[in-house]
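Before any comments, here is the structure.
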Number of protein chains: 2
Amino acid sequence: MLQTTPVTIEQTPNPPDVCSAPPPRHPRPDGQDSYTISEVVAFTGLTAHTLRWYERIGLMSHIDRSHTGQRRYSNRDLDWLDLVGKLRLTGMPVADMVRYAELVREGENTFRERYELLEATRRDVRARIAELQDTLAVLDRKINFYADATGVRYHEAEGTAR
Amino acid sequence: MLQTTPVTIEQTPNPPDVCSAPPPRHPRPDGQDSYTISEVVAFTGLTAHTLRWYERIGLMSHIDRSHTGQRRYSNRDLDWLDLVGKLRLTGMPVADMVRYAELVREGENTFRERYELLEATRRDVRARIAELQDTLAVLDRKINFYADATGVRYHEAEGTAR
DNA sequence: TATGGCCTTGGAGTGCGCTCCAAGCAAGCG
DNA sequence: CGCTTGCTTGGAGCGCACTCCAAGGCCATA
């Protein structure tokens, strides 16, 4: 129950059918979904500090509490954290994610704005991927050079760093 | 001479032939390559502060100086900055780039280590691209949902943020 | 000669995203 | 009962990558 390895919530042991709407699998079924903070730490790889901080800054709404005041996360919270994790690795600033969270809390009349925010993000992500592929090409060339050179003692000019 | 728009040094007005070793084009030919810091600012989009800081921390070797002590950057320096820019957007920490710069300064006997560093970086970049493509899939699904919903007033569960 | 523009330096400051601390409470166990 | 474990809080601290500051030098044009 208390696994220590950070695990992506949305694992991919789903069949090799390349389909478009993979529903996230949860550790426990809806109805019994009540996770302590340390369980969420184990599932997400985030620290408890970070989880509490996310809540403080409004990136997560107030989490349900046990009768003793301890946090009890739900499957929906896990889904949200999964999205946050994805947005985080696009480089989206936390402030923007908070903005999105506010829009979600405000209800359906913010659909248009959410749409625009996500669309802008998608553009950024695409640009980012393109940049990275560019970088990959440069790395490939340099790596090939060094692969040839180590063992052949050869020289090619490269950017200065003397 | 003093263009204000940040310009990628390695522009792509090269013919649409998809080839593997694109030599960077420089603003001035070798021999007349002597750029002031503000020119480099214009070319790279970095600030003068950052350029001087890069030099202080050893990410660039000491740059040539004019008789009055002002920095004069060369084409080789521009090439190096181009590589640094690429590595930077892979998320490589500055300290690692400094390490690589040191290896380059140390000479050919560090080829193997440079190779390994770049290879590790390439692995990271590939993983990163995969993550981003994953994220892109999530964004696509959400964006489609909002595209449908705005105008159709429809509902689908999404991660909680109440 | 004076004014403005561009450059120099060491060191201090900033913003972001965590990260940690101290003090304390509640539950479970021997 | 005492001890451990896990959780709670507000607020302070940290590491990274810049970013800026104050004080001053050099030189071209008016």
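Numbered from 1 within each chain, the chains take letters A, B, ... in sequence-line order. The basis for the numbers below is simple: all heavy atoms, side chains too, and nothing from hydrogens, waters or symmetry mates.
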Is there a donor and acceptor pair closer than 3.5 Å between the side chain of B:R56 and the base of C:dG11?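 Result: at least one qualifying N/O pair found.
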
Would the distance check show the side chain of [X] and the main-chain N or O of [Y] forming a donor-acceptor pair, the cut-off being under 3.5 Å?
X	Y	result
A:T47	A:T50	yes
B:D33	B:G31	yes
B:R105	B:G58	yes
A:T135	A:E131	yes

Given atom [atom1] of [X] and atom [atom2] of [N], what is their separation to the nearest angstrom?
X	N	atom1	atom2	value
A:R65	C:dA26	CZ	C1'	14 Å
B:M60	D:dC18	CE	C1'	16 Å
A:Y35	D:dC7	OH	P	16 Å
A:L51	D:dG6	CG	C1'	15 Å
A:H67	C:dA26	NE2	P	10 Å
B:I57	D:dT19	CD1	P	13 Å
A:E55	C:dC18	CD	C1'	16 Å
A:I37	C:dT19	CD1	P	14 Å

Can you tell me if the side-chain N/O atoms of A:Y54 get under 4.0 Å from OP1 or OP2 in C:dG17?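 Answer no for this pair, as no side-chain N or O of A:Y54 is under 4.0 Å from OP1 or OP2.
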
At less than 4.0 Å, is any side-chain N or O atom of B:T50 found next to OP1 or OP2 of D:dA17? Yes or no.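 Answer no for this pair, as no side-chain N or O of B:T50 is under 4.0 Å from OP1 or OP2.
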
Just to be sure I understand the rule, does [X] reach a base, reach only the sugar-phosphate, or reach nothing, if contact means heavy atoms closer than 4.0 Å?
X	answer
B:R72	nothing
A:R88	sugar-phosphate
B:R71	sugar-phosphate

Test of understanding: clusters of I, L, V, M, F, W, Y form through side-chain heavy atoms closer than 4.5 Å, transitively. Do B:L89 and B:V84 belong to the same one?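 Cluster IDs for B:L89 and B:V84 differ.
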
Which listed nucleotide ([options]) is nearest to the side chain of [X]?
X	options	value
A:T68	D:dT19, D:dA17, C:dA27	C:dA27
A:R52	C:dC7, D:dT8, D:dC18	D:dT8
A:W53	D:dT19, C:dT8, C:dC18	C:dC18
B:T47	D:dT19, C:dT9, C:dT19	D:dT19
A:H49	C:dC18, D:dC27, C:dC21	C:dC21
B:S38	C:dC7, C:dA27, C:dC18	C:dC7

In terms of relative ring orientation, are B:W80 and B:Y100 parallel, tilted or perpendicular, with 30° and 60° separating the classes?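 If you compare the ring of B:W80 with that of B:Y100, the planes turn out parallel.
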
Hey, which of these two, B:Q70 or B:V94, hits DNA chain D nearer its 5' end, going by closest nucleotide?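 Between the two, 5'-proximity favours B:V94.
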
Mapping A:M97 and B:G69 to their closest nucleotides on DNA chain C, which lands nearer the 5' end?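 Between the two, 5'-proximity favours B:G69.
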
